[in-house]
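Scope of the values below: all heavy atoms of this structure, side chains included, with no hydrogens, waters or symmetry mates. Read the numbers this way: they start at 1 and go in the same order the structure lists the ligands and their atoms.
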Amino acid sequence: MIKTAIITGASRGIGRAIAVKFASEGYNVVLNSKNGGENLENTLRFCRSAWDTYILSHPEFSDPGSGHVLAVKGDVSDSSFVKELVNTAITSFGRIDVLINNAGISYIGLIQDTADDIWQNVINTNLSSVHYCTREVIPHMLKNRPENAASAEPVEAGRIINISSVWGDAGASCEAAYSASKGGVNAYTKACAKELAPSGISVNAVACGFVDTDMNSHLTKEERLSVIEQIPASRAASPDEIADIIYHIAEMPVYLTGQIITADGGWI
Ligand SMILES: NC(=O)c1ccc[n+]([C@@H]2O[C@H](COP(=O)([O-])OP(=O)(O)OC[C@H]3O[C@@H](n4cnc5c(N)ncnc54)[C@H](OP(=O)(O)O)[C@@H]3O)[C@@H](O)[C@H]2O)c1
């Protein structure tokens, strides 16, 4: 049986690294990004090539990577698109085992300059999308439960991992909307974990610190160095390191649930 993972925001940065990691471990991967285009096409290509390499050491799977990877362009802050995304995953692969809620945007500005539309866009993209995707995958994950499992047996039906931020707990100056959205993700993660643990679905979040992606490309060289000076690990994380952490959480027993796991090199 081949497991299926949906990764939102997979065209670049952390989402791309997660998608390639899951493909390289033999998961069917469903990629998404808002704008699609060349970036998402490139992730698709990298994932197919990762699958082709996987097949070399797993001859039981003879079909090429193109049969295991697909991309769906669209906005995860739109609940009707999310239904389409999940339906496409089911039509193509028949099951959903892992959901990685990664899509996100940042906004840097004073509170008094954070207009209604900016606030709503950040909250809808970073938080509402997590609810829409979670809500849609649950009925499919519930079908993964073995039909005659004894009640005392551990049941593993699915894994949901939300990509959060250290600012969701600590709060960042000039990032009030972003901090609020990630604080919401943390609380939502804990609530979902309690509700879904009886069904064998684990829900955890990874609170990232400073990761080398486009999200930080607005920083000057000096600003970047000043952030790095504050990090005990003396560097930013690479997207690949974060992807490794996420993959291992997805492979952990479902008893690990409701946790906000901080990956910040000791920063906060
Ligand atoms: N980088 C960091 O230091 C850092 C730290 C803490 C937490 N995080 C979190 O990690 C996650 C990934 O961040 P990143 O650094 O990899 O960012 P990134 O390089 O800017 O990539 C963002 C991804 O999200 C997608 N996206 C944005 N809005 C979307 C929407 N409405 N619907 C679907 N896809 C959407 C983008 O798609 P398009 O290419 O189509 O726009 C892109 O694939 C985010 O949740 C972010 O908050 C990042």
Side-chain angles (χ1 to χ4, degrees), residues 6-21 29-44 46-47 71-82 84-86 99-108 118 120-133 161-172 175 177-186 188-189 205-219 223-224 227-228 230-231 233 235-243 245-246 260-265 267-268:
I6 299 180
I7 301 112
T8 69
S11 60
R12 308 180 263 130
I14 297 170
R16 170 181 284 174
I18 296 169
V20 174
K21 176 69 184 168
V29 289
V30 181
L31 316 172
N32 150 265
S33 97
K34 183 174 179 178
N35 299 302
E38 200 180 326
N39 283 333
L40 192 59
E41 280 297 319
N42 281 336
T43 308
L44 195 68
F46 297 148
C47 288
V72 192
K73 174 187 155 182
D75 180 351
V76 286
S77 71
D78 169 358
S79 61
S80 52
F81 166 71
V82 170
E84 183 191 322
L85 173 67
V86 170
L99 166 67
I100 312 289
N101 284 309
N102 166 76
I105 52 171
S106 63
Y107 170 73
I108 295 173
I118 296 170
Q120 277 149 14
N121 192 26
V122 172
I123 298 294
N124 289 340
T125 304
N126 294 0
L127 177 59
S128 304
S129 69
V130 174
H131 172 57
Y132 300 152
C133 293
I161 303 176
N162 302 321
I163 310 306
S164 188
S165 160
V166 289
W167 303 139
D169 184 40
E175 294 194 64
Y178 182 80
S179 302
S181 72
K182 295 299 188 181
V185 167
N186 292 352
Y188 186 80
T189 300
V206 173
C208 299
F210 188 50
V211 190
D212 253 333
T213 70
D214 292 351
M215 195 168 268
N216 295 314
S217 59
H218 62 281
L219 296 176
E223 286 168 337
R224 189 185 146 78
V227 174
I228 284 174
Q230 300 166 43
I231 301 175
R235 60 180 179 83
S238 73
D240 287 346
E241 279 177 300
I242 301 296
I245 291 168
I246 286 156
I260 315 300
I261 297 145
T262 302
D264 69 351
W267 185 14
I268 301 296

Evaluation steps, side-chain contact (heavy atoms from CB on, under 4.5 Å), between F210 and L219: CA-CA 12 Å; F210 188 50; L219 296 176; 3.6 Å; yes

(request) Evaluate the criterion side-chain contact (heavy atoms from CB on, under 4.5 Å) for residue pair E175 and V122; output intermediate values, then yes/no. (result) CA-CA 10 Å; E175 294 194 64; V122 172; over 6 Å; no

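Between L31 and L44, some side-chain heavy-atom pair lies under the 4.5 Å cut-off. Between K182 and N126 there is a side-chain heavy-atom pair separated by less than 4.5 Å. A 4.5 Å side-chain heavy-atom check between C208 and I163 finds at least one atom pair inside the cut-off.
Within 6.0 Å of atom CG in D169, 12 or fewer heavy atoms from other residues, nucleotides or ligands are found, so the atom counts as exposed in its surroundings.
Every protein residue with a heavy atom nearer than 4.0 Å to ligand 1 is included here: G9, A10, S11, R12, G13, I14, N32, S33, K34, N35, G36, G74, D75, V76, N102, A103, G104, I105, T125, I163, S164, S165, Y178, K182, C208, G209, F210, V211, T213, D214, M215, N216.
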